[in-house]
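Worksheet for the structure shown next.
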Protein chains: 2
Amino acid sequence: MALREAMGRLLPLIEEALQEAVKPPDPAVKAHYGMMAYHLGFADVNLRPARASAGKRIRPLLCLLVTEATGGSIERAMPAAVALELLHNFSLVHDDIEDDSPTRRHRPTVWKVWGIPQAINVGDGLFALAHLALERLADQGVPPEIVLEALRAFDDTCRLLTEGQHLDLAFEEREQVSEEEYLQMIAGKSGALLGLSTQLGALVSGAEPAKVDAYRRFGLSIGRAFQIRDDILGIWGDEAVTGKSVQSDILSRKKSLPVVYALMQEGEAGQTLRAIYTQPEIAPEDVPEVLHWLEVAGSRAYAERMVREAHAQAMRALEEAQPLEPAGAALRELADSLVARAY
Amino acid sequence: MALREAMGRLLPLIEEALQEAVKPPDPAVKAHYGMMAYHLGFADVNLRPARASAGKRIRPLLCLLVTEATGGSIERAMPAAVALELLHNFSLVHDDIEDDSPTRRHRPTVWKVWGIPQAINVGDGLFALAHLALERLADQGVPPEIVLEALRAFDDTCRLLTEGQHLDLAFEEREQVSEEEYLQMIAGKSGALLGLSTQLGALVSGAEPAKVDAYRRFGLSIGRAFQIRDDILGIWGDEAVTGKSVQSDILSRKKSLPVVYALMQEGEAGQTLRAIYTQPEIAPEDVPEVLHWLEVAGSRAYAERMVREAHAQAMRALEEAQPLEPAGAALRELADSLVARAY
């Protein structure tokens with residue numbers, strides 16, 4: 001209820017501010033900004049205005065809900081919300097090239113339509129615009145030292161994102177990955193960005209440092225739960241609902257948490273899976289066997305337990321932060337939906 | 001003389017600060033930072049310490065010389081100098097992928113050694129580190145509002161760099177490009193970054209706005225002269241000196257200024273070149289004919305005149321800025337050497 005009301009009110013404001021952020025400053029570079037608008041769902045492949053399915057805007061939503069939960073102003077925090085969504089999309093545009101993904105949300109990816117050189121450059125443009133958006137906090141009357149603190153947290157997260165992506169790319173080439181390495185990798189990927197979203201929402205409101213930190217830990221834990229849920233869906237999700245082949249994470253030998261957990265086991269399940277995962281390829285006909293041994297190893301139950309633990313940690317951090325209502329209720333609902341999601 | 005003294009003193013400090021900026025914060029991501037160190041010339045392909053030819057560090061040098069010319073402290077300005085070199089190298093790592101360049105300074109490019117996915121990510125990492133470096137100005141006692149002003153100028157330049165790169169990539173596909181479009185493209189590429197280098201050097205010293213602007217225009221004009229000189233060397237340079245095939249700019253039908261100028265001509269030279277440049281390919285045996293008609297069109301003389309004009313503008317802006325000596329003399333020598341360079 002609280003979440004639905006908040007989404008109905010905030011999402012249109014977010015969309016409007018995002019569209020404004022990717023307007024071309026000069027007609028000569030219209031196509032550069034058009035590709036960004038395409039990626040964000042505001043344009044079609046011919047760069048004509050469109051309304052495509054464009055992502056759930058979870059990061060700006062989290063940021064603005066925390067702003068409300070700390071008594072801040074939505075208008076004042078909007079540049080931070082826009083910056084978070086642009087940063088997220090910069091990383092998606094580059095990840096799609098790096099992972100060789102031809103489609104995203106049922107549409108061809110930017111590199112697939114305009115080629116790798118322009119797509120790299122479009123991602124770089126989004127990265128620059130994300131910073132410019134965050135710097136506009138100063139125009140909203142946020143004190144320069146707070147804007148600077150926000151920028152330092154923002155760029156530290158950018159650094160962690162590239163470190164997480166480095167590990168993810170490196171793990172594909174490796175036979176075995178420890179659970180600790182896996183957790184470091186996902187902390188850099190989804191975790192850091194969700195932690196930044198809640199941190200900035202509180203920082204811009206002028207919340208005290210202990211409260212800002214509680215919100216940051218709330219976001220980090222949601223991020224961890226969200227990522228492990230993603231790993232579970234990548235193996236056991238309903239293809240009709242996720243729109244993504246459940247086999248693909250197995251065929252690509254992705255070192256997701258259920259796999260990492262099983263590969264560490266001493267018994268027959270671990271031994272068999274290690275033998276399968278050291279082969280250069282996993283064939284589609286081997287998938288049922290992999291699924292069988294993952295179940296035997298207890299991977300699914302373990303991953304589900306990790307999701308619940310991360311969720312419980314998030315709830316404790318949120319309680320510590322003492323959010324104003326009804327924003328607090330909306331944050332709890334959002335956390336629940338991200339953890340329980342089937343897609 | 002003044003330049004040689006300044007380089008002997010400043011370059012070792014710049015190298016030391018750059019090396020410090022790409023140290024891995026965690027052993028797990030050593031290879032990520034190792035690839036950055038490789039690109040910057042501090043490591044070999046096995047990521048062992050090395051001393052490779054690593055670029056002329058023109059941007060940090062310009063920045064620090066302007067700091068001295070405005071009575072500022074080198075130590076205080078160093079984070080800005082490091083940020084400029086990291087930003088420049090972020091764009092080189094991505095440009096090398098976008099332009100399909102296998103070598104840079106006689107060594108394989110990052111993407112050629114570690115593949116496109118890791119190379120995109122290494123560029124993104126350098127982009128994040130460049131921002132983190134600039135933000136460290138605050139730790140040197142630079143007031144937050146000045147650091148914020150520096151960051152806004154920095155990201156506006158990042159935006160212009162991606163716009164310039166967008167135009168450069170788009171021009172390759174087009175038959176004709178106007179001189180105005182060409183100048184817009186290079187303003188975004190080299191120009192903006194050199195203008196930023198001199199601007200930041202003055203800003204960090206606490207120079208008054210009119211002086212900061214004069215230094216910015218000094219850098220912009222040097223950038224324009226530098227880029228047009230590059231275009232001239234790409235067609236008429238001595239291959240033994242430049243280390244780059246003089247034919248390559250013609251074979252790739254690059255829309256550099258001499259070509260743009262000739263393609264606009266009414267007479268026989270323009271007509272013939274337009275016919276050649278609308279063909280899908282230019283063959284090596286056609287190069288002498290292209291060179292002949294460029295000479296007839298007066299392209300070389302025109303481009304040389306444009307270099308001299310940009311240089312004269314730079315000198316006027318520098319005079320307006322009233323630099324302290326001997327830094328002023330070093331800046332004049334640096335501008336002269338960039339404009340007169342044969343490589």
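Letters go in sequence order (proteins before strands), and every chain restarts at 1. Keep in mind the model is a prediction, meaning the values are calculated, not measured.
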Considering only heavy atoms and a distance below 4.5 Å, find which of A/Asp100, A/Asp139, A/Asp95 pairs most often with chain B. A/Asp139
Hey, could you give me the CG/CD1 distance between B/Leu148 and A/Ile146, rounded to the nearest 0.5 Å? 12.0 Å
So if I take each residue of residues 191-209 of chain A and look for any heavy atom under 4.5 Å from a heavy atom in chain B, which residues do I end up with? none
Heavy-atom pairs under 4.5 Å with chain B: which of A/Pro143, A/Ala128, A/Gly188 has the most? A/Ala128
Does the plane of the ring in A/Phe127 sit parallel, tilted or perpendicular to the ring in B/Phe127? Use 30° and 60° as the thresholds. perpendicular
Could you tell me if the side chain of B/Gln184 sits less than 4.5 Å from the side chain of A/Asp26, heavy atoms only? yes
Taking side chain as everything from C-beta outward and backbone as N, CA, C, O, which of these in A/Ile97 sits under 4.5 Å from a heavy atom of chain B? Side chain, backbone, both or neither. side chain
Look at A/Asn121, A/Leu129, A/Val122, A/Leu169 and state which one has the largest set of heavy-atom pairs under 4.5 Å with chain B. A/Asn121
Largest heavy-atom contact set with chain B, pairs under 4.5 Å, which of A/Pro144, A/Ala119, A/Ala170: A/Pro144
Close approach to chain B in residues 154-162 of chain A, criterion heavy atom under 4.5 Å: A/Asp155, A/Asp156, A/Cys158, A/Arg159, A/Thr162
Most chain B-contacting option - heavy-atom pairs closer than 4.5 Å, from A/Gly125, A/Ser91, A/Ala130: A/Gly125
Within this structure, what is the CH2-CD1 distance for the pair A/Trp111 and B/Ile120, rounded to the nearest 0.5 Å? 10.5 Å
Region of A/Ala31 in contact with chain B, defined by heavy-atom distances below 4.5 Å: both
Find the one option among B/Arg136, B/Glu145, B/His94, B/Glu163 whose heavy-atom pairs under 4.5 Å with chain A are most numerous. B/Glu163
With a 4.5 angstrom heavy-atom cut-off, could you sort out which part of A/Pro24 is near chain B: side chain, backbone, both or neither? neither
Other residues, nucleotides, ligands: >12 heavy atoms within 6.0 Å of B/Glu75 CD: no
Whatever's closer than 4.5 Å to a heavy atom in chain B on A/Leu151 counts as both
Under the criterion side chain to side chain contact (heavy atoms under 4.5 Å, CB included), I'd like the reasoning laid out for B/Glu98 against A/Gln118: C-alpha separation, chi angles, the key distance, then a yes or no. CA-CA 8 Å; B/Glu98 294 166 23; A/Gln118 287 286 17; over 6 Å; no
Contacting moiety of A/Glu181, where chain B heavy atoms sit under 4.5 Å: neither
